[in-house]
Protein chains: 2
Amino acid sequence: MLDLAVDADMMKNSRHCRRERPYHHGDLYSSLVKAAEELLEIKGANALSLREVCQCAGVSHAAPYRHFRDKAALMEAVAKAGFDQLGAMTRDARTKHPGDPVMQILDAGRAYVAWATENPERTRLMFGGMMKSEDIDEDLHRTAEAAYDEIYRIIDDGRSAGVFGGRDTDSVVLSAWSAVHGLTMLILGSGKLTPDSPGDVRDLADVVGETMLSGIRSR
Amino acid sequence: MLDLAVDADMMKNSRHCRRERPYHHGDLYSSLVKAAEELLEIKGANALSLREVCQCAGVSHAAPYRHFRDKAALMEAVAKAGFDQLGAMTRDARTKHPGDPVMQILDAGRAYVAWATENPERTRLMFGGMMKSEDIDEDLHRTAEAAYDEIYRIIDDGRSAGVFGGRDTDSVVLSAWSAVHGLTMLILGSGKLTPDSPGDVRDLADVVGETMLSGIRSR
DNA sequence: CATGAATGTTGACAATGCAAACATAGATGT
DNA sequence: ACATCTATGTTTGCATTGTCAACATTCATG
């Protein structure tokens, strides 16, 4: 159990936990995903047990197997939800600053880093490679691709408008995404970078964002 | 067991496995680290069991507890060894191109990405944040810091020589490291980037490296 | 209203991390 | 040389975990 234990009361009070249980849950699939997301952030990916998720969702320990092939499959669903959110945020950044690719990419970067630091375990799950590639569902793949495409559109529009340079769009996207993603993983992974406030996070994102921008701008 | 099973014979033939076992192993500490490194790459971080490591090292399943507090402590030792290698490679990149910070940083980046793609699981262990921060040993922290300092020296020398710009050295280091590290994690994490050959890896590193350099160079 | 397909539950099993009690052997002091 | 101490392994045992098989309940559909 270690010292990471979350006592039963705490879980009962959690948002996605149920007290009375009719035999049929109603929407167990999404309840499990929600419960897994919650517990994931509390306990960390390694210490997260399927049985705990079940307990939190108010269901017996074998119930998930009617909806997920595996524990890994449940985690894939969690990851997929994360990619959905990330993709949506990038789309927001794009539509929020129409015709201004620089602000679009900066805003997307800020949002990316901010979301990741607010959901560190989910981010590690998505990018830490805790899922072996063979396990990655086709669905998950498509979702991740969609998030990538949002960035691609920003960069491609910017290059068409003559704001960004680079030999081809993919190279620029790769560089930009690498920088933002790298900062994110450094914040999450190493004990070295430990921003205390959301403001600090944003400052870090801006430092990296500006440097990356000056390498990307057409000249 | 899943399909990741490594049969006993395979493990017996592995380099760090022993057949005859005198009661006292001799150098169990480093044998365990070696065995863990090997099995880590074969089975992945999640599927790696301490008992398997023991079997591979030719000792009983409780032997490691004389040398490591935990399973986590053993993994920390593996991570530490990784940081040592990474730090050494960066130092090499620096000494190999004396007085040429651009080549130093490019070479360091190439080496970083190359090493990581050759040791994906070890890299994930080091940066994927599979170790909760509280568990991170002081020793590990110092080692990671030393690797960081190598990059810092390259950038700082380059700024003194007027080759690199930026407001302060830390900002530049952060940006450069983020880009390289981000590319690395994207290669390891997402199923999207899947370079087939070491040459491909180097090309990707150069694409990102060039972009980052043009954002970092003084102008 | 019966029947079958979905959906949950219970019980069992092997694998795992860990700890306590026990065993061995190489070093140390006399 | 001998007894003893301590470092290092081993065995046994336990709680937790993921997964499966057998059983139970509900709901929809004829």
Does some side-chain heavy atom of Val113(B) sit less than 4.5 Å from a side-chain heavy atom of Leu204(B)? no
Salt bridge (charged side-chain N to carboxylate O under 4.0 Å, His left out), that's the test. Do Asp156(B) and Arg153(B) meet it? Break it down for me. CA-CA 5 Å; Asp156(B) 204 46; Arg153(B) 285 189 57 173; over 6 Å; no
What is the separation between atom CD on Gln55(A) and atom C1' on dT16(D), rounded to the nearest whole Å? 13 Å
Given atom OH of Tyr65(A) and atom C1' of dG8(C), what is their separation to the nearest angstrom? 14 Å
Might you point out which heavy atoms bring Leu48(A) and Ala36(A) nearest each other, and give the distance in Å? CD2-O, 4.2 Å
Parallel, tilted or perpendicular, judged at 30° and 60°: which one describes the rings of Phe127(A) and Phe83(A)? perpendicular
Is there side-chain contact between Leu183(B) and Leu174(A), with at least one heavy-atom pair below 4.5 Å? yes
Nearest nucleotide by nearest heavy atom, which residue falls closer to the 5' end of DNA chain C, Leu50(B) or Leu28(A)? Leu28(A)
Measure the distance from OH on Tyr29(A) to P on dA6(C) and round it to the nearest whole Å. 17 Å
Measure the distance from CG on Asp27(B) to P on dT8(D) and round it to the nearest whole Å. 11 Å
Glu52(A) CD to dG18(D) C1': how many Å, rounded? 14 Å
Which part of the nucleic acid, if any, lies within reach of His61(A) when heavy atoms closer than 4.0 Å are counted: base, sugar-phosphate only, or nothing? base
Ser49(A) or Arg66(A): which one's nearest nucleotide on DNA chain D is closer to the 5' end? Ser49(A)
How is Ser60(A) classified with respect to the nucleic acid when contacts are heavy atoms under 4.0 Å: base, sugar-phosphate, or nothing? base
Whole Å only: how far is the NE2 atom of His67(A) from the P atom of dA6(C)? 12 Å
Can you measure Phe68(B) atom CZ to dC18(C) atom P for me and round it to whole angstrom units? 13 Å
What's the CG-P distance between Leu39(A) and dT16(D), to the nearest Å? 16 Å
I want to verify a distance call: between dA12(C), dG8(C), dG17(C), whose nearest atom is closest to the Arg51(A) side chain? dA12(C)
What's the closest nucleotide to the Ala62(A) side chain, out of dT16(C), dA21(D), dC18(C)? dA21(D)
